[in-house]
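Okay, so here's the structure we're looking at.
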Amino acid sequence: DKSKMIKLNKITDYAVVILGLLSSRYPNKFSTSKISEDTGLPVPTVAKVCKLLNKADLINAGRGANGGYYCETAPTEINVADIVEAIDGPIAIIACLEESDDLCSTQSICLLSGNWNKANKAILNALKSVSLSDLLNPEEFLKTQNTDTAVLHT
C-alpha cells in the first residue's frame with residue numbers, strides 16, 4: 001500500500017500514551033519516574049511531554065509530598081486535535097497558513113491560499129471528532145464508524 005499518511009511528531013504519540021495513563025487513572029497523581037515506569041518511556045521524555053501537556057492545560061501538576069501529574073478530564077472528553085496542538089502547535093497543512101503577523105512574500109500571486117483553508121478545517125474537524133478514548137480502545141471506535149467513513153490510524 002503506497003498511500004501517504006500525515007506524520008505526527010513521535011512526542012505526540014508519547015503524549016497520547018501519557019494522557020491515556022493519567023486520564024484513565026484519575027484521581028491518582030504520578031511522578032515523572034512513576035509515569036516512566038508504567039509507560040516504558042525515559043524520564044527526560046516524560047518530563048518534556050508533561051511540561052507541554054501542563055502548559056496546554058491538558059494535565060495538572062500537584063506540588064508537595066503528595067504532588068505529581070494528574071488529569072481530571074475523562075479520555076472521552078479529550079480530542080486528538082487538542083493533543084496534537086499541545087505538542088506540535090496549530091494544525092495547518094502548509095506553513096503559510098499558520099497564523100502570523102508576517103505577510104507571505106508570495107501572497108499576492110498565490111492561487112492556493114484561500115482554498116487550503118477548507119482542507120485545513122476538514123482535517124481539524126476530523127481530529128476533533130476522535131477522542132483519546134477512541135485511541136485507547138480502537139476496536140470500539142471502529143465499531144462505531146460506517147464502512148465508508150475515513151478512519152484515523154495511529
Side-chain angles (χ1 to χ4, degrees), residues 1-30 32 34-36 38-42 45-62 68-104 107 110-154:
D1 183 12
K2 299 234 179 208
S3 64
K4 297 271 186 200
M5 300 199 81
I6 295 170
K7 276 188 154 182
L8 294 178
N9 188 328
K10 260 199 170 93
I11 299 291
T12 306
D13 211 18
Y14 302 153
V16 168
V17 172
I18 292 169
L19 264 176
L21 171 71
L22 297 181
S23 67
S24 60
R25 302 276 293 280
Y26 179 77
N28 295 346
K29 292 178 182 172
F30 292 79
T32 50
K34 177 64 175 156
I35 294 170
S36 171
D38 288 4
T39 62
L41 297 172
T45 301
V46 169
K48 178 181 179 178
V49 173
C50 285
K51 276 184 187 167
L52 291 168
L53 294 175
N54 186 25
K55 189 178 173 191
D57 293 326
L58 288 176
I59 65 172
N60 302 91
Y69 288 105
Y70 62 99
C71 178
E72 297 176 294
T73 312
T76 51
E77 301 303 311
I78 300 171
N79 68 60
V80 173
D82 291 337
I83 303 170
V84 172
E85 290 188 333
I87 305 301
D88 289 313
I91 295 164
I93 295 177
I94 51 179
C96 70
L97 290 182
E98 291 177 5
E99 287 182 31
S100 171
D101 293 335
D102 302 325
L103 283 176
C104 173
Q107 190 175 29
C110 179
L111 301 175
L112 298 174
S113 58
N115 300 322
W116 277 108
N117 286 332
K118 190 173 181 181
N120 275 319
K121 281 181 186 161
I123 289 172
L124 186 59
N125 288 337
L127 292 176
K128 282 183 176 176
S129 75
V130 181
S131 73
L132 176 61
S133 179
D134 296 327
L135 296 183
L136 301 176
N137 306 295
E139 300 82 13
E140 293 304 311
F141 177 58
L142 291 172
K143 278 183 204 167
T144 65
Q145 300 300 300
N146 296 327
T147 52
D148 60 346
T149 302
V151 177
L152 277 173
H153 296 278
T154 57

Checklist entry - Should we say atom NZ of Lys29 is surrounded by more than 12 heavy atoms from elsewhere, each under 6.0 Å from it? => result yes
Checklist entry - For the side chain of Ser24 and the backbone of Gly20, is there at least one donor-acceptor N/O pair under 3.5 Å apart? => result yes
Checklist entry - What's the spacing between Ile18 CD1 and Leu58 CG if we round to 0.5 Å? => result 12.0 Å
Item to check | Residue list, side chain to side chain contact (heavy atoms under 4.5 Å, CB included) with Asp38, at least two apart or on another chain | outcome: Leu21, Arg25, Phe30, Lys34
Checklist entry - Can you check whether Leu22 reaches Ile35 side chain to side chain, under 4.5 Å on heavy atoms? => result yes
Item to check | Under the side chain to side chain contact (heavy atoms under 4.5 Å, CB included) test, residues paired with Thr73 that sit two or more places apart | outcome: Cys71, Glu77, Ile78
Next on the checklist: Between Ser36 and Leu41, is there a side-chain heavy-atom distance shorter than 4.5 Å?
Outcome noted: no
Checklist entry - Roughly how far, to the nearest 0.5 Å, is NZ of Lys48 from CD1 of Ile11? => result 4.5 Å
Item to check | Asp134 side chain vs Val130 backbone, donor-acceptor pair below 3.5 Å | outcome: no
Next on the checklist: How close do Ala81 and Leu124 get, counting heavy atoms only, and between which atoms?
Outcome noted: CB-CD1, 4.0 Å
Item to check | OG1-NZ distance between Thr45 and Lys10, expressed to the nearest 0.5 angstrom | outcome: 11.0 Å
Item to check | Reported CD1-to-NZ distance for the pair Ile123 and Lys128, which is rounded to 0.5 angstrom | outcome: 13.5 Å
Next on the checklist: I'd like to check the side chain to side chain contact (heavy atoms under 4.5 Å, CB included) partners of Ala61; sequence neighbours left out, ordered by chain and number.
Outcome noted: Asn54, Arg63, Tyr69
Checklist entry - Looking only at heavy atoms, which two atoms of Val49 and Ala15 are closest? And how far apart? => result CG1-CA, 3.6 Å
Item to check | Ser23 OG to Leu132 CG distance, which is reported to the nearest 0.5 Å | outcome: 4.5 Å
Check: residues 82-91 side-chain donor-acceptor pairs under 3.5 Å, at least two apart:
{"unit_1": "Asp82", "atom_1": "OD2", "unit_2": "Asn79", "atom_2": "ND2", "d": "3.3"}
{"unit_1": "Asp88", "atom_1": "OD1", "unit_2": "Asn9", "atom_2": "ND2", "d": "3.1"}
{"unit_1": "Asp88", "atom_1": "OD2", "unit_2": "Thr12", "atom_2": "OG1", "d": "2.8"}

